[in-house]
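Worksheet: the structure to be examined is printed underneath.
The first residue of the sequence shown is numbered 1, and numbering continues consecutively from there. Note: hydrogens, waters and symmetry copies are ignored here, and every other heavy atom, side chains too, is used.
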Amino acid sequence: MSGDSVVFRFPVVHRNILHAETTNKNYGNVEVPTIQAPKDDEEPTINPQKTDYSPWNIPSKILVSMLSPTHICGQNFVLTIDNNLFCGVPTMVETMKEEYDQEDEPLTMFHLVFCLKRDSPNSFIQMCQMIAAKITLGLNHEQNRCRYVSKEVKKMFDIKAVYNDKVQQWQNSSRNNGRRDSSMRPTREELTKNLLNASSLAVLIEEIFYGIRERGYVNSLINNWLYLSLTVKNPTCHPNIPIRPYQTLLLFGEDGEVKRNLPINASPALRKLIDVAKPTKSFMTLQNETGLSLTQLFRIASHLVYWGKAKVIDTLTKKNVYILNPDCKSSFSDLRTSFLEHFKEWNLADRLKGFSIPIPLKAHITSISLPNAQREFVNIVIWLLRHELLIEVHTFVYLLLPPSISKLSSIGEVDEGYYLSPTPLKEHEEQYLDQWDDGSKEHRLFRRLCPYFHGRHHTREIQWQQNIEREELDRVLTKYSRIVITVDHNVTN
């Protein structure tokens, strides 16, 4: 939005009122929504007259007057209309003297506006407001540096002028012929396509729209000069489960794609980690290879996760168990096409069928006879994890106590402290477990592990926290199988 005109809207607008408004340039015949007086504790809303109005049905002349508040330029702007919320940061533009000498009226103000659903989460609205502010700041920088916004606005106005002339010609021709051939009328799709071909600012808005909607983040350049990184993830929200040394980093995208898309000023430590990161290398291994501390590795990993470039998973081993992800929302036809590009000799449906039941990766690999095919299968598992087609299944341990004891037990209770903190046993629980004491090494380890047997720590987490091998844990679980049970399921963050 610029001054008193809507310069560009995306996605493509489909509305009859827009055609009447644009072609006739007669606002008297367009029904205007009226503002309904609010009740005591209600916000004012637009009351549609006869037509079911949406933000796209509001004529530009009225929309501009509502979205161009010159008195709050440089401040956050929020406007609610029925079930829609507009947010942005209107900005005044410093105009050069030579611009006043030109024939066209100079740009004095612009406003990039996001249209959201009113019932969107507050955190999402706040992040969109922050995104609008960052884009506006970048556009204003380029406007001051090289008049970028003014030049792009002029390009789009010129395209729209040609479009309006074509519409007028179609109207005159239809009037002279006595009939209207709708198939010959210039379309909004044609206008939007021409705007995208002519203006890099229009392309930037398109990239931001699809990036935020489909991925939740976008990395782009303003005027092929100013790097822009945007995400709707709230930086103050952190996962319940922290990164562990036994985990690793799974990079998204094809080989080298993450590194190619890094900004020029990316830190050497970030590049070093990306160069050596593999799903088969734990953070402990990466620490030795990169010379970076675990703390620094975790921070870099969190940075990549935040910007949608990677995710943290458990290091890929033959003991891992995976099943199909029931919440996968990707299109199977698109995934199959991509899968065939990478693994021409394999069938995606057959590979997915193999993960219908939870069995260790070792069982999958041993069922393949050729060594080369086994290595290729590991790459397939990595590809499936990258596209979120698989989820890992972990084993959780529960301590079983008699009903008389469990009524007073702390087992299964979630304390008010840290999510993964062990839950100490109570006195009556200790007394009950004393009768199982045979003085053996396994019993001492069992008592040490009991605070983790409440279903919140999976076996790999228990091993790491207590610094024990899986074989030691298995011996304890086998010996005390009468009072412990194991349950397999995925980890929810």
Worksheet item: Are N234 and F124 close enough, and set up right, to give a side-chain contact (heavy atoms from CB on, under 4.5 Å), and what steps lead you there?
Response: CA-CA 8 Å; N234 191 332; F124 178 76; over 6 Å; no
Discussion item. For E142, is there an ion pair with R147 - N to carboxylate O distance below 4.0 angstrom?
Written reply: no
Fill in: Electrostatic pair K259-D275, nearest N-O below 4.0 angstrom
yes
Practice prompt. Using atom types as modelled and distance alone, determine if a side-chain donor or acceptor of E152 lies under 3.5 Å from a backbone N or O of S200.
Written response: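 Flag set: sc E152 to bb S200 pair under 3.5 Å.
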Give a yes or no on this: more than 12 heavy atoms of other residues, nucleotides or ligands lie within 6.0 Å of atom [atom1] of [X].
X: E345; atom1: CD; value: no
X: D350; atom1: CG; value: yes
X: W464; atom1: CH2; value: yes
X: N197; atom1: CG; value: yes
X: K233; atom1: NZ; value: yes
X: K311; atom1: NZ; value: yes

Residues [X] and [Y]: side-chain donor-acceptor under 3.5 angstrom:
X: R460; Y: N320; value: yes
X: H394; Y: D314; value: yes
X: E190; Y: Y163; value: no
X: N140; Y: T91; value: no
X: Q247; Y: S282; value: no
X: T337; Y: D334; value: no
X: S331; Y: S333; value: yes

Determine whether [X] and [Y] make a side-chain contact, defined as any pair of heavy atoms from C-beta on separated by less than 4.5 Å.
X: F343; Y: N379; result: yes
X: F8; Y: L112; result: no
X: I205; Y: I135; result: no

Fill in: Value rounded to 0.5 Å, distance of NZ in K151 from SG in C146
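Separation between the atoms: 5.5 Å.
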Worksheet item: Quick one: are the ring centres of F339 and W383 less than 6.0 Å apart?
Response: yes
Item to complete: Flag the pair F77 / H111 as yes when their ring centroid distance falls below 6.0 Å, and as no otherwise.
Response: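 That pair passes the under 6.0 Å test.
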Worksheet entry | F355 vs I323, side-chain contact (heavy atoms from CB on, under 4.5 Å): CA-CA, chis, key distance, verdict | CA-CA 5 Å; F355 290 97; I323 59 171; 5.6 Å; no
Worksheet item: Is the Lys NZ or Arg CZ of R215 less than 6.0 Å from the centre of Y217's six-membered ring, within 45° of the axis?
Response: yes
Worksheet item: At their closest point, which heavy atom of L294 faces which heavy atom of F283, and how far apart are they?
Response: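 Closest approach of L294 to F283, heavy atoms only: CD2-O, 3.7 Å.
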